[in-house]
Engineer: 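Please read through the structure below; I'll follow up with questions.
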Amino acid sequence: VDSKFVPDLGSQSMESLSDVLQDTLMDLLAFGLILKQAHWNVQGPFFRSLHEQFDEIRSLIDTHVDLVAERLTALGMSPNGQASDISYSNIAEIDKGFLRDKAVLTAIVERTSQLARNLRERTEIIKNLDSPTEDLMHSIEIEIEKQLWMLRSQI
Ligand SMILES: [Fe+2]
């Protein structure tokens with residue numbers, strides 16, 4: 001009996017799980033950078049609440065980044081979180097420079113919506129392949145959709 005258990009779900013399933021987790025990792029890293037950019041550059045009457053809210057979401061993202069990367073390692077796969085690969089994410093950067101509060105809020109709602117859509121699509125890809133990974137994806141979806149509601153409600 002092998003005492004060093006690593007789940008072997010077959011090469012096809014492992015490839016799907018790797019793709020889904022890796023792509024999710026890139027999206028979360030990209031989104032985390034965008035949130036800091038927004039945190040620093042927001043200006044206007046709603047500065048205070050948005051400045052703080054963007055950092056709160058960033059903290060949640062950082063927690064999920066680690067959970068996703070370490071799910072890859074738990075499955076015996078190496079996570080890649082290096083800068084040059086983050087640009088493959090379809091979570092688009094926001095405009096450079098200072099931004100008015102309403103403009104930056106709209107931009108962040110759009111990015112959060114894109115992330116929520118990506119998560120839903122990816123969870124569909126790994127449906128029934130690995131319940132724990134599905135649960136992880138669901139927990140991220142729940143959090144992102146909650147944050148999206150709170151952002152959207154301010155427009
Ligand atoms: Fe700060």
Side-chain angles (χ1 to χ4, degrees), residues 15-127 129-155:
E15 202 176 306
S16 297
L17 289 162
S18 170
D19 288 348
V20 161
L21 287 165
Q22 187 58 52
D23 290 349
T24 300
L25 180 60
M26 290 308 180
D27 274 3
L28 294 174
L29 288 168
F31 190 51
L33 293 171
I34 291 164
L35 286 165
K36 271 294 184 190
Q37 180 74 12
H39 170 77
W40 295 321
N41 283 287
V42 62
Q43 289 190 335
F46 302 103
F47 165 81
R48 188 73 192 164
S49 63
L50 289 175
H51 175 74
E52 285 181 0
Q53 189 176 14
F54 295 149
D55 239 12
E56 284 164 16
I57 304 171
R58 167 64 189 250
S59 295
L60 294 165
I61 294 294
D62 286 347
T63 303
H64 292 304
V65 159
D66 212 47
L67 289 170
V68 169
E70 292 177 1
R71 184 64 196 152
L72 277 162
T73 61
L75 292 171
M77 300 182 284
S78 164
N80 171 29
Q82 300 206 89
S84 61
D85 294 301
I86 296 173
S87 58
Y88 288 111
S89 167
N90 69 355
I91 312 294
E93 289 181 351
I94 58 175
D95 291 341
K96 287 193 174 79
F98 294 116
L99 296 163
R100 296 306 293 172
D101 45 16
K102 287 195 174 142
V104 75
L105 177 60
T106 302
I108 294 298
V109 165
E110 283 169 8
R111 272 68 179 175
T112 312
S113 298
Q114 184 63 54
L115 176 59
R117 272 196 296 274
N118 290 354
L119 291 167
R120 288 260 176 184
E121 278 173 25
R122 296 208 190 100
T123 305
E124 207 52 42
I125 295 168
I126 59 159
K127 211 177 170 103
L129 294 187
D130 181 44
S131 306
T133 305
E134 267 188 87
D135 284 354
L136 172 61
M137 292 297 290
H138 287 148
S139 70
I140 304 170
E141 284 170 37
I142 288 167
E143 189 60 62
I144 294 301
E145 290 176 13
K146 178 182 165 183
Q147 296 305 319
L148 179 56
W149 152 62
M150 291 200 282
L151 290 162
R152 203 174 53 215
S153 300
Q154 297 170 83
I155 292 179

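Counting starts at 1 for both ligands and their atoms, in listed order. Note that the structure is a prediction, hence the values are computed from the model and not measured. Position 1 is the first residue of the sequence; numbering continues from there.
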Engineer: Once side chain to side chain donor-acceptor pair (under 3.5 Å) is applied, do any residues pair with Asp23, and if so which ones, sequence neighbours excluded?
Structural biologist: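 With neighbours one apart ignored, the set is empty.
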Engineer: By side chain to side chain donor-acceptor pair (under 3.5 Å), which residues pair with Thr24, not counting sequence neighbours?
Structural biologist: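 Listed in chain order: Arg122.
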Engineer: Is any NZ, NE, NH1 or NH2 atom of the basic residue among Arg48 and Glu52 found under 4.0 Å from an Asp or Glu carboxylate oxygen of the other?
Structural biologist: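 Looking at Glu52 together with Arg48, the answer is yes, because their closest N to O distance falls below 4.0 Å.
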Engineer: Quick check against the 3.5 Å criterion: does Gln154 have a side-chain atom that pairs as donor or acceptor with the backbone of Met150?
Structural biologist: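 Side chain of Gln154 to backbone of Met150, a donor-acceptor pair under 3.5 Å: yes, one is there.
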Engineer: What protein N/O/S atoms are found closer than 2.8 Å to the Fe ion (ligand 1)?
Structural biologist: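 Result, waters dropped: His39 NE2.
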Engineer: Check ring-ring contact (aromatic ring centres under 6.0 Å, His included) between His39 and all other residues, then give those that pass, not counting sequence neighbours.
Structural biologist: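 With neighbours one apart ignored, the set is His51.
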Engineer: Under the 3.5 angstrom rule, does the side chain of Arg111 hit a backbone N or O of Ala107 as a donor-acceptor pair?
Structural biologist: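 Side chain of Arg111 to backbone of Ala107: a pair is present.
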